[in-house]
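First the structure, in the form of C-alpha cells, and then the observations on it.
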Amino acid sequence: MANHRASRPVSGGFAAGAFRLLASAITVAVFIFVASSFLSTSHTHSATSSIPHHFGLNGVPHDLGSGRRSVLALKTDPLKPRLDQIRKQADDHRSLALAYASYARKLKLENSKLLRIFADLSRNYTDLINKPAYRALFESDSASSIMEESTLRQFEKEVKERIKVTRQVISEAKESFDNQLKIQKLKDIIFSLNELLTKAKKQGAFSSLIAAKSIPKSLHCLAMRLMEERIAHPEKYSDDGKPQAPELEDPTLYHYAIFSDNVIAASVVVNSAVKNAKEPWKHVFHVVTDKMNLGAMQVMFKLKDYNGAHIEVKAVEDYKFLNSSYVPVLKQLESANLQKFYFENKLENATKDTTNMKFRNPKYLSILNHLRFYLPEMYPKLHRILFLDDDIVVQKDLTGLWEIDMDGKVIGAVETCFGSFHRYAQYMNFSHPLIKAKFNPKACAWAYGMNFFDLDAWRREKCTEEYHYWQTLNENRTLWKLGTLPPGLITYYSTTKPLDKSWHVLGLGYNPSISMDEIRNAAVVHFNGNMKPWLDIAMTQFKPLWTKFVDYELEFVQQCNFGV
C-alpha cells in the first residue's frame with residue numbers, strides 16, 4: 001500500500017516535469033519565430049525607407065505601395081529616373097518664372113506686361129503636369145504597368161518647348177531687371193552715338209570748310225565783270241607810265257596794308273575805314289592782290305572817289321624780292337608733301353587731323369597770307385603801318401593807334417587769352433626741345449587781323465630774319481601746324497604791345513553770343529571764322545555790320561545780284 005502510494009507521486013512528478021520541458025521548448029520556438037519575423041520586417045522597412053517619395057502637384061507624397069513592391073518596381077522600370085529628371089526641370093523653370101513674376105510685381109506698372117507673361121509661363125507648367133495623361137505617370141503605383149514610353153516622350157517634348165520659351169523670354173526681359181545690364185547697354189548706346197557724332201562733326205567741319213572757302217557765284221561774277229571792264233578800257237585804269245603819287249611813301253600820313261584776292265571784301269575794308277576817318281585825305285591804303293585779280297581790283301578802286309583817301313593797288317608779283325630763294329615758305333609750298341597735305345581728295349584723309357583742319361585751308365598756299373612778315377621791305381620809307389585783314393569792318397577813326405607809345409615793341413595786338421585758352425601751348429609743339437627751351441607755354445596769344453607795326457623797331461629787332469629761321473626749322477611741320485599765327489607768336493615773342501580790347505573785337509564769323517554793346521564799342525570788328533559776311537552761311541545778326549559798307553550803287557555790283 002505504502003509502496004503503491006510511493007510510486008504514484010514519482011510517476012506524477014515525471015509527467016509534470018515532461019510537460020514543463022515541452023512548454024519551455026514551445027516558448028523558445030515561438031520566441032525564435034517572433035524574433036526572426038521582426039528582423040525580417042525591420043530589414044524590409046529599412047530598404048523601403050531609402051527610396052525617395054514622389055510628390056504630387058500640391059507637394060503631397062504619394063505612397064508607391066509596400067516597401068517590397070516599390071523596390072521591385074524601381075529595379076524593373078528604367079523610365080522612372082528619366083521621368084523624375086524631366087519633372088525636376090519643369091519645376092525649376094516654373095519656379096524661375098514665378099521669381100521673375102514676383103520681381104516684376106514689385107516694379108509695379110513699369111513691368112505689368114512682363115508680370116502677365118511670367119505668370120502665364122508658370123501656369124503653363126502647372127497645366128501641363130495636370131493633364132490626365134501625364135498626371136497618371138506620377139500617381140501610378142507601378143510605372144512599368146502604366147507608363148508608356150511614347151507618353152513620356154511627348155511629355156518630355158512639351159516640357160522642353162516650354163523651357164525654350166521660358167529661357168527666351170527671360171533672356172529678352174533680363175535687362176528690365178538687371179540694372180548693371182541696363183547701365184552697360186546705355187554705355188554701349190552712348191559709345192555708338194559718340195562715334196556717329198564724331199563722324200558727323202568731321203563731315204560737318206569739312207563741309208563748313210568747303211562752304212567757307214568757296215567763291216560765291218555773285219563774287220565770281222563781280223570779279224569777271226570788273227576784269228571785262230579793265231580789258232575793254234585799259235588806258236582808263238592802268239597806272240603804267242604814270243609817276244607814283246608822293247603820298248604813297250609819305251611817312252607822315254596814316255598807312256594801311258590790305259592783302260586780299262577778294263574784291264568786294266577789300267572794298268568794304270577801305271569803305272568802312274574812309275567813312276569813319278576824321279580826315280580821309282591823310283589815309284593811304286596799300287592793297288596787294290595776286291596777278292589774276294589785279295585788273296578787277298584796279299577797276300574797283302577807280303570807280304569812285306574815297307573822300308580824298310589815297311589807294312595803291314599792286315600785285316604780289318611786283319615785289320621781285322619775294323621768290324623761293326629768299327622766302328622759305330615759298331620754297332616749302334613747292335614740296336610735294338605739303339601739296340598732298342592740302343589737296344587730299346578723300347574725306348577720311350582730309351579730316352583725320354580735325355584739331356587743325358582749319359590750317360588745311362589752301363589759302364595758306366598763297367603768298368598773300370605771308371606778306372605780313374615782309375612789311376619793312378615792301379614799304380622801306382615808312383615808319384609805322386596798320387595791317388588789316390579783308391574780313392574786318394572799321395567802325396571808328398583809327399588814327400589813335402598812331403598815338404600809342406609802343407615802348408620799343410614791334411607789334412601792337414589785342415590779346416585773346418582767358419583762363420587756359422589761347423595760350424602758346426595751343427599753337428606750338430612744346431614736346432619739341434627747341435620750342436620748350438625758348439617759349440613759355442602759358443604765354444598769352446594775340447590776334448591777327450588788326451595789328452599795328454612799328455617798322456623801325458622791326459628792322460632793329462631783325463624780325464624778318466627771326467621769322468625765316470623758325471620757318472626753315474618747321475619745314476616738316478614739327479614745331480607747329482600750318483598757318484601764320486604760330487610763326488607770328490614766335491617771331492614777335494617778347495616784342496608785342498598789348499592793345500585795349502575795344503580796338504579789336506573778334507569772333508563774328510563763329511561766335512553768335514558776342515554782345516551788341518561790345519560790338520558797338522569796338523573800333524574794328526572781325527569776322528574771323530568760317531561764317532564770312534559775304535557767304536550765305538553768315539550769321540544774320542552780324543551781317544548788316546558788313547553789308548552797309550558794300551557799294552550796292554555800283555552798276556557791276558547790281559548786275560551780279562550781290563547780297564540778294
Side-chain angles (χ1 to χ4, degrees), residues 198 201-202 205-206 208-209 213 324 327-344 346-367 369-374 389 409-411 413-449 451 461-496 498 506-507 510 528-530:
T198 301
K201 281 183 176 180
K202 287 182 179 182
F206 189 64
S208 177
L209 187 64
K213 306 313 174 186
S324 59
V327 180
V329 73
L330 282 178
K331 184 177 180 179
Q332 293 168 13
L333 292 176
E334 294 173 357
S335 70
N337 287 337
L338 199 60
Q339 292 180 11
K340 181 181 178 182
F341 176 83
Y342 277 117
F343 294 109
E344 287 276 10
K346 293 182 179 178
L347 176 62
E348 61 271 20
N349 292 331
T351 60
K352 59 190 173 186
D353 187 12
T354 54
T355 56
N356 292 285
M357 188 187 298
K358 65 179 180 179
F359 297 130
R360 287 180 173 272
N361 186 343
K363 78 175 184 179
Y364 294 113
L365 287 173
S366 172
I367 186 59
N369 204 48
H370 298 270
L371 286 181
R372 65 193 71 185
F373 292 105
Y374 299 96
D389 263 342
K409 304 295 185 181
V410 175
I411 180 176
V414 171
E415 294 182 333
T416 57
C417 61
F418 58 96
S420 61
F421 296 99
H422 289 229
R423 303 283 177 174
Y424 269 50
Q426 288 183 272
Y427 299 96
M428 288 171 275
N429 178 19
F430 274 87
S431 63
H432 196 288
L434 285 176
I435 296 293
K436 187 176 182 180
K438 179 73 175 179
F439 306 101
N440 179 5
K442 295 182 179 179
C444 189
W446 42 265
Y448 265 134
N451 306 102
E461 297 292 336
K462 298 182 178 180
C463 291
T464 301
E465 289 84 345
E466 183 79 0
Y467 164 69
H468 283 178
Y469 170 76
W470 288 101
Q471 189 69 51
T472 302
L473 288 177
N474 194 47
E475 183 175 2
N476 294 323
R477 305 188 302 279
T478 56
L479 304 183
W480 69 85
K481 298 296 182 182
L482 295 171
T484 52
L485 182 56
L489 296 175
I490 289 175
T491 301
Y492 308 115
Y493 184 67
S494 75
T495 62
T496 302
L506 300 101
Y510 69 89
N528 59 313
N530 285 341

Discussion item. Can a donor-acceptor pair be found, under 3.5 Å and without considering hydrogens, that links the side chain of K436 to the backbone of N429?
Written reply: no
Response to the item:
Nearest heavy-atom contact between Y510 and G529 is CD2-CA, 4.1 Å
Practice prompt. Find the distance between CD (Q471) and OG1 (T484) and round it off to the nearest 0.5 Å.
Written response: 10.0 Å
Discussion item. When you measure from the side chain of N451 to the backbone of G449, do you find a donor-acceptor pair of N or O atoms at a distance under 3.5 Å?
Written reply: yes
Worksheet entry | Nearest non-hydrogen partners of K481 and P486, listed with the distance | O-CG, 4.4 Å
Worksheet item: Just by modelled atom types, is the Y492 backbone N or O under 3.5 Å from a matching donor or acceptor in the T495 side chain?
Response: yes
Discussion item. Exactly one of Y493, W480, F430 should register a ring pair (Phe, Tyr, Trp, His ring centres under 6.0 Å) with Y424. Which one does?
Written reply: Y493
Fill in: Expected output: side-chain N528 to main-chain L506 donor-acceptor under 3.5 Å
no
Worksheet item: If you take all heavy atoms of M428 and I435, which pair is closest and at what distance?
Response: CB-CG2, 4.0 Å
Fill in: Aromatic ring proximity F373/W470, centre distance under 6.0 Å
no
Worksheet entry | Minimum side-chain heavy-atom gap V327-Y374 below 4.5 Å | yes
Fill in: Side-chain heavy atoms of I490 within contact of Y469, under 4.5 Å
no
Worksheet item: Shortest non-hydrogen contact from C463 to V410?
Response: SG-CG2, 3.8 Å
Worksheet item: When rounded to the nearest 0.5 angstrom, what is the spacing between CD in E461 and CD in E466?
Response: 9.5 Å
Worksheet entry | S494 to K409 - nearest heavy-atom pair and separation | O-NZ, 3.1 Å
Item to complete: Search all heavy atoms of T416 against all heavy atoms of H422 and return the closest pair with its distance.
Response: OG1-ND1, 3.2 Å
Worksheet item: About how many Å separate OH of Y448 and CD1 of I411, when rounded to the nearest 0.5 Å?
Response: 5.5 Å
Worksheet item: Stepwise, does the side chain to side chain contact (heavy atoms under 4.5 Å, CB included) test hold for I367 with H370?
Response: CA-CA 5 Å; I367 186 59; H370 298 270; 4.0 Å; yes
